[in-house]
Amino acid sequence: MEKREVKERRTGLPDLKDAQKGKVVLRFAPNPNGPLSFGHARGLVINSTYREMYDGVFILRFDDTDTKVKPPMLEAYERIQEETAWLTGRKPDRVVIASDRMEHYYEHASLMLEKGYGYVCRCSAEAFKEHRVGKTNCPCRERTSLENLELWQQMLDREFNPGEVVVRVKTDMTLKNPALRDWPALRLQDTEAHPHPRESIGSKYVVWPLLDFQSAVEDHLQGVTHIVRGKDLMDSTRKQTLLYEHFGWNYPETMYWGRVKVHEWGGFSTSKMRLDIEEGRYPGWGDPRLPTLEGLKGRGISDAALRAFWLELGITQKDISVPLSTLYAHNTKVVDSTAPRLSFIREPVLCSLEGLEIPKTVSHPVNPNDKTMGSRTWDMNKGTVYLEQEDFEKGSLRLKEFADINLEGPKAILHSFERSDKRSIVHWITEENSTEGTLISTSNNEIITQNGRLEKHALKIGTIVQLERIGYARLQEDGSFILCHEVSVEEK
RNA sequence: GCUCGUAUAGUGUAGUGGCCCAUCAUGAAGGACUCUCAUUCCUUCGACCCGGGUUCAAAUCCCGGUACGAGCACCA
């Protein structure tokens with residue numbers, strides 16, 4: 001009888017299964033091998049939104065347990081926390097750093113060996129692969145817990161080299177899914193050659209947990225109730241569930257989202273970007289061509305737009321490909337009502353006004369949809385204005401909020417102050433109310449710098465403006481503007 | 001190859017057996033407003049992967065096919 005209600009369009013995220021208000025614990029666990037990027041925003045937005053919905057706890061966890069393949073970046077720890085606060089609107093309730101929690105992982109590893117839930121395996125990776133593929137038990141599996149604990153101590157005492165030994169979780173070698181067969185839980189890392197970048201950790205440990213073990217133990221210790229993450233971690237859930245069964249714990253409820261590709265970006269990875277930056281292909285993580293949170297923010301993509309974007313995609317397991325214009329549409333919606341208008345003349349042509357008596361000043365609204373934002377008033381004393389080359393060529397124009405003109409070479413003959421016909425309305429700027437200005441944009445992975453005449457302004461760094469008839473742009477520290485996206489997607 | 005997952009308009013999404021000749025957004029086309037090619041508003045266009053089955057009734061359940069994606073790392 002309440003069915004009717006169920007069928008109404010759901011807005012926002014679907015309910016979490018078995019969730020009670022005030023008792024939900026969520027986490028987002030990036031690898032700090034670089035600052036966050038566009039894709040990370042999904043985990044942040046979804047999980048932090050559930051925190052709001054259920055008045056729960058949101059944990060930011062740094063999964064920094066690999067020092068060689070994806071080594072952590074020291075600056076990223078701080079940066080990621082700032083980015084999290086920016087995107088979610090508040091600090092995480094708890095911050096956990098895996099490399100600070102090693103003793104807990106050791107304790108559980110040792111307990112696992114003692115109880116016979118796992119074993120120390122001295123097979124090479126290749127040798128074990130044969131067991132995995134052939135569904136045969138590895139001889140190491142037969143060791144007693146005493147032997148295992150002894151070997152474990154030797155691991156801790158650095159009596160082995162990386163690659164010689166690994167701790168495995170005992171599952172079942174005949175499991176249908178090969179990924180789950182006696183999966184590795186802890187391994188050795190050469191932290192002399194590859195020390196952990198955090199000073200307090202450095203080369204202190206050689207035995208390190210792998211993601212599936214570290215994450216499983218930590219989720220339990222933190223009391224995580226719901227895990228919402230990408231579906232690439234589905235097998236991870238199954239592995240971890242097997243470990244939870246050994247320990248008699250209850251695995252959190254999980255939900256997954258599918259892969260998202262942004263048409264314009266293709267496949268970016270943090271590791272790849274890091275390499276590109278180190279090799280000088282990009283000057284830094286904030287480069288406007290990079291899909292990092294820093295890059296997007298720097299271009300004027302608002303946190304609210306990013307949130308709206310990811311919330312709209314929701315958590316379907318479908319793999320999708322979205323154009324960037326979807327994000328831009330959200331951004332326009334968020335930013336337009338508060339964006340001051342500004343005049344920027346590309347390829348400026350200087351014209352002198354003649355023919356009619358020129359008023360002392362001309363005013364434009366700061367934002368036509370919000371009169372309380374006031375107006376911009378230009379002095380007209382000098383009688384010279386800049387027009388864009390492209391507009392100049394049209395011959396007869398309407399200078400916005402001012403007058404109709406007919407162009408005769410460098411002379412702009414004032415025709416009337418009232419609109420006299422349908423000639424196109426263009427933006428313009430007086431000589432004395434403008435300065436040299438720069439607009440930076442990106443196209444085909446190139447940075448394009450365009451100089452022109454910029455209206456004088458007193459805006460704060462970071463303000464997102466609408467350059468009239470051009471697009472939304474953000475004021476940078478050096479006074480230049482960086483184009484976020486064009487006012488209209490219409491191609492010219 | 002083995003394992004797992006997904007398939008609704010151009011792009012995304014809602015929908016868990018009848019309310020669906022299918023929701024909302026975006027997009028496209030047209031229009032209104034506007035001294036910006038902005039914003040806002042209105043109209044129109046446009047979809048249930050294919051084939052079987054279950055049922056009085058299927059986008060929804062089952063089976064098969066196809067397509068796409070992920071995992072099978074001593075990465076996260």
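Note on naming: letters A, B, ... go to the chains in the order of the sequence lines (proteins, then strands), and numbering restarts at 1 for each one. Every heavy atom of this structure was used, including side-chain atoms; hydrogens, water molecules and symmetry mates were not.
Residue pairs meeting the ring-ring contact (aromatic ring centres under 6.0 Å, His included) criterion with at least one member in residues 151-180 of chain A, sequence neighbours excluded: A:Tyr106-A:Trp152.
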Polar atoms only, N or O, under 3.5 Å: list the protein pairs with nucleotides 68-71 of chain B and their distances.
unit_1: B:G69; atom_1: O4'; unit_2: A:Asp319; atom_2: OD2; d: 3.3
unit_1: B:G69; atom_1: O2'; unit_2: A:Asp319; atom_2: OD1; d: 3.4
unit_1: B:G69; atom_1: O2'; unit_2: A:Asp319; atom_2: OD2; d: 3.2
unit_1: B:A70; atom_1: OP1; unit_2: A:Arg259; atom_2: NH1; d: 3.2
unit_1: B:G71; atom_1: O2'; unit_2: A:Asp235; atom_2: OD2; d: 2.9

List every contact pair, protein side and nucleotides 39-42 of chain B side both N or O, where the distance is under 3.5 Å.
unit_1: B:U39; atom_1: O4'; unit_2: A:Asp336; atom_2: OD2; d: 3.2
unit_1: B:U39; atom_1: O2; unit_2: A:Asn369; atom_2: OD1; d: 3.4

Restricting to nitrogen or oxygen on both sides, can you table the protein-nucleotides 61-63 of chain B pairs closer than 3.5 Å?
none

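Nucleic acid contact class of A:Gln317 (heavy atoms, under 4.0 Å, all strands): sugar-phosphate only. Using a 4.0 Å heavy-atom distance criterion, A:Lys400 is classed as a base contact. Note on A:Gly258: nothing from the nucleic acid sits closer than 4.0 angstrom, heavy atoms only. Within the nucleic acid shown, A:Thr270 has no heavy atom closer than 4.0 Å to any nucleic acid atom.
Ring pair A:Trp428/A:Trp378 is perpendicular by interplanar angle, where above 60° counts as perpendicular and below 30° as parallel. Ring pair A:Tyr244/A:His220 is perpendicular by interplanar angle, where above 60° counts as perpendicular and below 30° as parallel.
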For residues 316-324 of chain A, tabulate all N or O donor-acceptor pairs below 3.5 Å that involve a side-chain atom, not counting sequence neighbours.
unit_1: A:Asp319; atom_1: OD1; unit_2: A:Lys231; atom_2: NZ; d: 3.4
unit_1: A:Asp319; atom_1: OD1; unit_2: A:Arg259; atom_2: N; d: 2.9
unit_1: A:Asp319; atom_1: OD2; unit_2: A:Lys231; atom_2: NZ; d: 3.1

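Distance check: A:Ile470 CD1 to A:Phe481 CZ gives 10.5 Å after rounding to the nearest 0.5 Å.
A salt bridge is absent between A:Arg181 and A:Asp172; no separation between the charged side-chain nitrogens and carboxylate oxygens falls under 4.0 Å. Look at A:Asp212 and A:Lys239 and you find a salt bridge, because one of the NZ, NE, NH1 or NH2 atoms lies within 4.0 Å of a carboxylate O, short of that distance.
Between B:U26 and B:C62, the two P atoms lie 35 Å apart (nearest whole Å). Between B:A28 and B:G46, the distance separating the two C1' atoms is 10 Å to the nearest Å. Remark: the separation of the C1' atoms in B:U34 and B:C19 is 42 Å, to the nearest Å.
If you measure from atom CZ of A:Arg346 to atom P of B:C37, you get 13 Å, rounded to the nearest angstrom.
Judged purely by atom type and a 3.5 angstrom limit, A:Asn433 has no side-chain atom pairing as donor or acceptor with the backbone of A:Lys456.
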For RNA chain B, just give me the dot-bracket, please: Watson-Crick or G-U, both distances below 3.5 Å, ( ) intra-strand, [ ] crossing earlier pairs, | paired with another strand, . unpaired.
(((((((..(((.....[.....)))((((((.......))))))...(((((..]....))))))))))))....
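A:Tyr256 and A:Thr237 share a donor-acceptor pair across their side chains, judged by distance under 3.5 Å alone.
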